[in-house]
Amino acid sequence: MESRLAELVASANHDGITAAMHGQFSSPPWVPGARSPAVFEALCAVGREMGLDLRAASSGGASDANKIASTGIPVLDSLGPVGSDIHSPNERVHVPSLVERAKLSATFLTKIAAGEIQIPPSYGG
């Protein structure tokens with residue numbers, strides 16, 4: 001991928017146009033940190049209040065969650081709608097889950113903002 005991008009950038013350098021490629025591609029593996037289980041359990045508790053049975057599952061792939069988790073910040077990923085075949089031509093969404101998952105996220109964030117859910121600190125403070 002990087003090689004092909006370098007070719008495209010090089011081909012853009014003509015007629016007074018200068019293009020350059022900067023940065024790199026990197027997506028570390030998502031390794032849940034020590035604080036992640038407590039945050040996930042808090043989300044599950046909110047889900048139970050709503051009649052939802054939430055379960056953790058690994059799906060592979062990469063997202064910004066990988067990068068954030070690598071810093072030690074607890075991350076919850078894939079709180080969106082229920083569906084199947086994500087990021088494929090056959091991707092499907094269970095439409096009623098759109099409202100359900102929006103309510104889950106809103107309730108979870110409201111409880112954090114109200115101090116009902118404590119996110120474990122990243123350091124002793």
Between [X] and [Y], is any pair of side-chain heavy atoms under 4.5 Å apart?
{"X": "Ser105", "Y": "Arg101", "result": "no"}
{"X": "Phe108", "Y": "Leu79", "result": "no"}
{"X": "Ile117", "Y": "Leu43", "result": "no"}
{"X": "Arg48", "Y": "Leu54", "result": "no"}

If you take all heavy atoms of [X] and [Y], which pair is closest and at what distance?
{"X": "Pro74", "Y": "Ser36", "answer": "CA-OG, 3.7 Å"}
{"X": "Arg35", "Y": "Ile73", "answer": "NH2-CA, 3.3 Å"}
{"X": "Asn13", "Y": "Ala19", "answer": "OD1-N, 2.6 Å"}
{"X": "Val46", "Y": "Lys111", "answer": "CG2-CD, 3.7 Å"}
{"X": "Ala69", "Y": "Trp30", "answer": "CB-CD1, 3.1 Å"}
{"X": "His94", "Y": "Ser97", "answer": "O-OG, 2.5 Å"}

In Å, rounded to the nearest 0.5 Å, how long is the span from [atom1] of [X] to [atom2] of [Y]?
{"X": "Ser84", "Y": "Asn90", "atom1": "OG", "atom2": "CG", "value": "8.0 Å"}
{"X": "Thr71", "Y": "Asn66", "atom1": "OG1", "atom2": "CG", "value": "11.5 Å"}
{"X": "Leu76", "Y": "Cys44", "atom1": "CG", "atom2": "SG", "value": "9.0 Å"}
{"X": "Leu5", "Y": "Met1", "atom1": "CG", "atom2": "CE", "value": "5.5 Å"}

- [ ] Could you tell me whether Lys103 and Glu100 have a side-chain N and a carboxylate O separated by less than 4.0 Å?
- [x]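 Salt bridge between Lys103 and Glu100, a charged N being under 4.0 Å from a carboxylate O: no.
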
Open item on the list: Given 3.5 Å as the limit, does a donor-acceptor pair link the side chain of Arg55 with the main chain of Asp53, or not?
Closed with: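 Side chain of Arg55 to backbone of Asp53, a donor-acceptor pair under 3.5 Å: no, none is there.
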
- [ ] Flag yes if Val75 and Ile112 sit in one hydrophobic cluster, no otherwise; membership is Ile, Leu, Val, Met, Phe, Trp, Tyr, and two members link when side-chain heavy atoms are under 4.5 Å apart.
- [x]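 Different clusters.
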
Task: Val82 reachable from Ile86 in the ILVMFWY side-chain graph, under 4.5 Å edges - done: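 No, it is not one cluster - the side chains of Ile86 and Val82 are not joined through contacts under 4.5 Å.
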
